[in-house]
Participant: 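Submitted below is the structure of interest, expressed as structure tokens.
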Amino acid sequence: MTEITVPTLGESVTEATVGQWLKSPGDMVSKDDVLVELETDKVSVEVPAPEDGTLSEIIAQEGDTVEIGALLAKLGSGAPASNGHSAPAEAPEAAANGTGSPAAAAAAGTGGHVDVVVPDMGESVSEGSLGSFTKAPGDAVEKDEIIAEIETDKVALEVSANASGTLSELLVSEGDSVTPGAVIARIAVGAGAPEAAEAPSPATPEPAKSAERPVSPAVRRVTAEAGVDPASISGTGKDGRVTKGDALSYITSRETAEVTPPPPAQTARPASPPRALGPREERVKMTRLRQTIARRLKEAQDTAAMLTTFNDVDMSAVMELRKRYKDDFEKRHGVRLGFMGFFVKACVSALKEIPAVNAEIDGTDIIYKNFYDLGVAVGTPKGLVVPVVRDCDSLPLAGVEAEIGNLGRKARDGELAIEDMQGGTFTLSNGGVYGSLMSTPILNPPQSGVLGMHRIEQRPVAIAGEVKIRPMMYLALSYDHRIVDGKEAVTFLVRVKENLEDPERLLLDV
């Protein structure tokens, strides 16, 4: 018998709340299968099975508070036990009758259910929205076949079937919020799958009891500091549980109501209902990605002292260089020679001279970045995303162009991973591809600078006392004036202009 205990949860974390058991007593489990989720005031931790066996007993129930090293469950070897005594001879018969665990039934090729759960969405992503199901109840599914798509504030994730069988039940609807580990559907596996779909599953969670809801350490700490009764907060978590976000939102709204009472004219006014639609209007819910874009752009305006400065650049030299070498460049490196590679290299050179534009503010400190991971904004049907080209200072021009092309393709195909969009130090946004003449780009927090590129058009300019027609582009640098001074912003744009009008400077690093 192997004991499953609470692992070390990190520095200063001494206790956790049992969140959700993903296995039931009697289920056969494989090594590294996740058995239970633990919630702390800092992180959620998955506890895996240390070896193959059968989950014989669950000691700590969902909602219980447990300390480091506390006993969670016991794991036995071999087939499921009955009344505390092993019954290896009866296990095959039970599986054949559909009375065994889903895992055992799936292994035996007979009736049973397998839960389809939300996968891990990546660092800092705690929830998403169920975008769409590609299968309906009653449809046959194959293992690893895509059955649903989940939208997060960063990427879209595909959820695949973890067993072959019949999709028997959908537990959430399109548009519902889901969290990692949540069960969204069930698959009836093996023989008799359609009949199994009609039978109520014993693993279906019962409705939450409002009279007694477990409270996690994070919620308990937050509510204790604010002097709030957790029972007065409406929970949005599993079975109606109160999450840390619910507690913080409740406390913030209460403090706002106490400090800033509404105007007298609005005191007794109920919340206004959604505006009635006209005969030629339609209402469509914003995607989670679009909601996040809106929130982050507004946060950037509210928190940064944002200012924009402009310059223009003569693109003649870059265009001539590109025209002369683009065929040889593509043959040699297998990638097209575009304009973005020149702009990335020009910005890296300028960022090295003006490091404040590549820095960020953290409280009362400034964090200077001694690396150059530049985000390149890409428009997709679902909204604007900013994948990051890593270590642009060490990549050759061909390497920059290849990475930009690869990230752009992944963005359009919805294949970007979360790590593809994290950690950028500066951003380039090319509105010129859509015909923009001039704009004031908005910062991508916590970055302190973003360069806006615009369309190239033939304009008359004065050169050596003569009027010439040249291909000109307006450049716009939006920056956080709290960290970047006006002189630094202007100098940065001048350096970018000089590098583009004389691209040999990039080769000579002058």
Participant: For the residue pair Leu443 and Ala300, what are the closest heavy atoms and their distance?
Facilitator: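 Here Leu443 and Ala300 meet closest at O-CB, 3.7 Å.
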
Participant: What verdict does the side chain to side chain contact (heavy atoms under 4.5 Å, CB included) test give for Val118 and Ile184, after you've listed the backbone C-alpha separation in whole Å, the side-chain angles of each residue and the deciding distance to 0.1 Å?
Facilitator: CA-CA 7 Å; Val118 179; Ile184 61 173; 3.5 Å; yes

Participant: So, Asp302 and Lys298, do they make that salt bridge, N to O below 4.0 Å?
Facilitator: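 Looking at Lys298 together with Asp302, the answer is yes, because their closest N to O distance falls below 4.0 Å.
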
Participant: Please tell me if the side chains of Val376 and Val386 come closer than 4.5 Å, counting only heavy atoms from C-beta onward.
Facilitator: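 Not touching, per the 4.5 Å side-chain cut-off.
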
Participant: Do Ser168 and Ile187 make a side-chain contact, defined as non-hydrogen atoms from C-beta onward lying under 4.5 Å apart?
Facilitator: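 Result no, sub-4.5 Å side-chain heavy-atom pair not found.
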
Participant: Does Glu149 form a side chain to side chain contact (heavy atoms under 4.5 Å, CB included) with Thr134? I'd like the steps, not just the answer.
Facilitator: CA-CA 8 Å; Glu149 184 179 82; Thr134 60; over 6 Å; no

Participant: What's the spacing between Cys392 SG and Phe426 CZ if we round to 0.5 Å?
Facilitator: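 The distance works out to 11.0 Å.
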
Participant: Scan for salt bridge (charged side-chain N to carboxylate O under 4.0 Å, His left out) pairs involving residues 446-460, sequence neighbours excluded, and state none if there are none.
Facilitator: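 Of all non-adjacent pairs touching residues 446-460, those that pass salt bridge (charged side-chain N to carboxylate O under 4.0 Å, His left out) are Arg455-Glu457, Glu457-Arg459.
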
Participant: Is it possible for you to check whether Arg322 lies under 6.0 Å from the centre of the six-membered ring of Phe339, through NZ or CZ, and within 45° of that ring's axis?
Facilitator: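 Yes, Arg322 sits over the ring of Phe339.
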
Participant: Could you walk me through whether Val389 and Ile404 pass side chain to side chain contact (heavy atoms under 4.5 Å, CB included), step by step?
Facilitator: CA-CA 7 Å; Val389 182; Ile404 290 175; 3.9 Å; yes

Participant: Salt bridge or not for Glu320 and Lys323, using N-O below 4.0 Å?
Facilitator: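 No, no charged N to carboxylate O under 4.0 Å.
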
Participant: Please report, to 0.1 Å, the donor-acceptor pairs under 3.5 Å made by any side chain of residues 393-403, with sequence neighbours excluded.
Facilitator:
from: Ser394; atom 1: OG; to: Asp391; atom 2: O; distance (Å): 3.1
from: Glu401; atom 1: OE2; to: Gly338; atom 2: N; distance (Å): 3.1
from: Glu401; atom 1: OE2; to: Gly341; atom 2: N; distance (Å): 3.0

Participant: Quick one, Ser164 and Val141 - any side-chain contact, counting heavy atoms below 4.5 Å?
Facilitator: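 No, every pair of side-chain atoms sits at 4.5 Å or beyond.
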
Participant: Applying the side-chain contact (heavy atoms from CB on, under 4.5 Å) criterion to Phe343, which one of Leu374, Leu475, Asn430 satisfies it?
Facilitator: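 For Phe343, the side-chain contact (heavy atoms from CB on, under 4.5 Å) test succeeds with only one of Leu374, Leu475, Asn430, which is Leu475.
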
Participant: Identify every side-chain donor-acceptor pair in residues 307-315 under 3.5 Å, counting partners at least two apart or on other chains, and give the distances.
Facilitator:
from: Thr308; atom 1: OG1; to: Ser478; atom 2: OG; distance (Å): 2.7
from: Asp314; atom 1: OD1; to: Ser316; atom 2: N; distance (Å): 3.0
from: Asp314; atom 1: OD1; to: Ser316; atom 2: OG; distance (Å): 2.6
from: Asp314; atom 1: OD2; to: Arg470; atom 2: NH1; distance (Å): 2.9

Participant: State the NZ-CG distance between Lys135 and Leu167, to the nearest 0.5 angstrom.
Facilitator: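 Interatomic distance, Lys135 NZ to Leu167 CG, rounded to 0.5 Å: 9.0 Å.
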
Participant: Could you label the plane-to-plane angle of the His481 and Tyr479 rings as parallel, tilted or perpendicular, counting under 30° as parallel and over 60° as perpendicular?
Facilitator: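 Perpendicular.
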
Participant: Is the shortest side-chain heavy-atom distance between Tyr368 and Ile366 below 4.5 Å?
Facilitator: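 Yes, close enough: below the 4.5 Å cut-off.
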
Participant: Counting C-beta onward and ignoring hydrogens, is there a side-chain heavy-atom pair between Pro137 and Leu170 closer than 4.5 Å?
Facilitator: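 A side-chain contact under 4.5 Å exists here.
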
Participant: Measure the spacing between CG of Asp373 and CD of Gln422 and express it to the nearest 0.5 Å.
Facilitator: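 Here the rounded value is 12.0 Å.
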
Participant: Give a yes or no on whether Arg409 atom CZ has more than 12 heavy-atom contacts from other residues, nucleotides or ligands under 6.0 Å away.
Facilitator: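 For Arg409, atom CZ is crowded (more than 12 foreign heavy atoms under 6.0 Å).
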
Participant: Taking atom types as modelled and ignoring hydrogens, do the side chains of Asp144 and Ser160 form a donor-acceptor contact shorter than 3.5 angstrom?
Facilitator: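 No, no side-chain donor-acceptor contact under 3.5 Å.
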
Participant: How about Ile146 and Val159: do any of their side-chain heavy atoms sit closer than 4.5 Å?
Facilitator: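 Answer no - side chains too far apart.
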
Participant: As an exercise, state the distance from CG of Asp33 to CD of Glu46, rounded to the nearest 0.5 Å.
Facilitator: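 Asp33 CG to Glu46 CD: 11.0 Å, rounded to 0.5 Å.
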
Participant: Run the salt-bridge test on Asp480 and Arg482 with the 4.0 Å N-O cut-off and return the result as yes or no.
Facilitator: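 Salt bridge: yes.
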
Participant: Taking atom CG of Asp115 and atom CZ of Arg186, what is their separation to the nearest 0.5 Å?
Facilitator: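 Answer for the CG-CZ pair, Asp115 versus Arg186, is 4.5 Å.
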
